[in-house]
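Side-chain atoms are counted along with the backbone in the values below, which use heavy atoms only and exclude waters and symmetry mates.
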Amino acid sequence: MGIANVDRRRDFTFPSDVKPTIPTPTAGHSDKFISFIEKELQPFIEKKYHTNTNKTIIGQSLGGLLATEILMKKPELFNKYIIISPSLWWDNGSLLDLNATVLAESFTQQTAIYIAVGKEGLTPTKIPRVMEVDANLLADKLKQTKSKQVKVFFDYLPLENHATMMHKAVMNSFEFLYPSVQH
């Protein structure tokens, strides 16, 4: 199930004092969108549909930023994270500096994280950042978790770019998250 929205910059970004080179007048309200997911959407889905214990979020670009923010700030909301070409450049990469609970030995929720990035290059910021480097830094940070319940897979797709990543990465993520049983 996808979550439709009308303003990605508003819903998928957190407040920042750093001004990006692209216009973002409505940015910085991901907290409200995350609260909607937690308090309204997930309970609605669980009540209306027959569900299991898997809760997966897929986010690409600013959606990848949102998925990363949820992972770092409220990791219990989902147990499978598919983060594709995340716009970690937002707020000068501040999410990469968080000391998240998912990194602690006391984090006991079984969680699988798939991160993918293609050949994407420089970000739309005054201080240049490289999306491939940021995605690698995120994967490396998460692989340092002390929790035995967290599994991280990093997928570099050099033949893909920001516009072509989504389908290939989602297919690859399903192979990682839902491996077929060999008989």
Side-chain angles (χ1 to χ4, degrees), residues 1-3 5 8-16 27-42 45 51-118 120 123 129 131-157 162 165-166 169-170 172-178:
M1 170 180 290
I3 307 171
N5 76 336
R8 298 175 27 157
R9 291 187 179 137
R10 178 194 66 204
D11 294 339
F12 296 174
T13 61
F14 49 90
S16 174
H29 299 283
S30 60
D31 58 335
K32 293 176 183 168
F33 197 66
I34 293 167
S35 179
F36 162 74
I37 292 169
E38 178 182 21
K39 295 183 171 118
E40 295 180 48
L41 184 60
Q42 285 184 339
I45 291 170
T51 61
N52 60 27
T53 58
N54 287 317
K55 291 183 179 178
T56 303
I57 185 168
I58 302 173
Q60 192 254 350
S61 193
L62 286 178
L65 176 72
L66 177 72
T68 303
E69 181 184 2
I70 293 170
L71 174 64
M72 301 302 263
K73 296 178 179 177
K74 290 189 162 249
E76 69 285 349
L77 283 185
F78 297 93
N79 58 7
K80 295 187 186 328
Y81 288 83
I82 301 171
I83 300 170
I84 303 167
S85 301
S87 296
L88 296 171
W89 52 265
W90 183 259
D91 196 41
N92 279 343
S94 66
L95 282 182
L96 295 170
D97 297 328
L98 288 181
N99 188 15
T101 59
V102 73
L103 302 172
E105 187 174 358
S106 60
F107 185 75
T108 58
Q109 174 183 283
Q110 197 167 35
T111 302
I113 305 159
Y114 170 91
I115 301 166
V117 68
E120 310 208 24
T123 61
R129 298 183 73 94
M131 288 188 79
E132 296 96 298
V133 172
D134 283 349
N136 246 310
L137 290 171
L138 175 63
D140 288 347
K141 179 180 184 100
L142 293 169
K143 286 178 181 178
Q144 300 304 312
T145 182
K146 298 195 178 1
S147 172
K148 300 202 181 315
Q149 301 302 315
V150 177
K151 293 187 179 12
V152 180
F153 181 78
F154 180 75
D155 199 3
Y156 177 57
L157 302 170
H162 201 70
M165 282 290 300
M166 188 69 164
V170 170
N172 289 358
S173 74
F174 288 166
E175 291 174 7
F176 166 69
L177 295 172
Y178 305 101

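- To the nearest 0.5 angstrom, K141 atom NZ is 6.0 Å from L103 atom CG.
- Between W90 and F14, the closest side-chain pair of non-hydrogen atoms falls below 4.5 Å.
- Within the model, atoms CG of L157 and CG of N172 stand 5.5 Å from one another, a figure rounded to the nearest 0.5 Å.
- In this structure, L138 CG and T68 OG1 are separated by 5.0 Å, a value rounded to the nearest 0.5 Å.
- Between D155 and I115 there is no side-chain heavy-atom pair separated by less than 4.5 Å.
- N79 CG to Q149 CD: the interatomic distance, rounded to the nearest 0.5 Å, is 11.5 Å.
- Screening residues 91-115 for salt bridge (Lys or Arg N to Asp or Glu O under 4.0 Å) gives no qualifying pairs among residues at least two apart or on separate chains.
- Taken from OH in Y114 to CD1 in I82, the straight-line distance is 8.5 Å, to the nearest 0.5 Å.
- Contact between P86 and M131 at its shortest, heavy atoms only, is O-CE, 3.3 Å.
- Annotation for E120 and V117: closest pair OE2-CG2, 3.4 Å, computed over non-hydrogen atoms.
- Between I34 atom CD1 and L66 atom CG the span is 5.0 Å, to the nearest 0.5 Å.
- Within the 4.5 Å cutoff, the side chain of P75 has heavy atoms near those of the T101 side chain.
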Inset, instruction - For F36 and N5, run side-chain contact (heavy atoms from CB on, under 4.5 Å): C-alpha distance rounded to whole Å, both residues' side-chain angles, the deciding distance at 0.1 Å, then the answer. - result: CA-CA 12 Å; F36 162 74; N5 76 336; over 6 Å; no
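- Not counting sequence neighbours, the partners of K74 by the salt bridge (charged side-chain N to carboxylate O under 4.0 Å, His left out) test are E38.
- With contacts defined as side-chain heavy-atom distances shorter than 4.5 Å, the pair L95/K73 qualifies.
- Using the six-membered ring where Trp is involved, F153 and F176 have ring planes that are parallel, under 30° apart on the 30 and 60° scheme.
- Counting all heavy atoms, side chain and backbone alike, F12 lies closest to L62 at CB-O, 3.4 Å.
- In this structure the side chain of Q42 reaches within 4.5 angstrom of the side chain of F78, judged on heavy atoms.
- Contact check for L77 versus I57: no side-chain heavy atoms found under the 4.5 Å cut-off.
- Within the 4.5 Å cutoff, side-chain heavy atoms of M72 are placed close to those of L142.
- Scanning all heavy atoms of the two residues, the minimum distance from Q60 to S85 falls at NE2-CB, 4.1 Å.
- Between I58 and M166 there is a side-chain heavy-atom pair separated by less than 4.5 Å.
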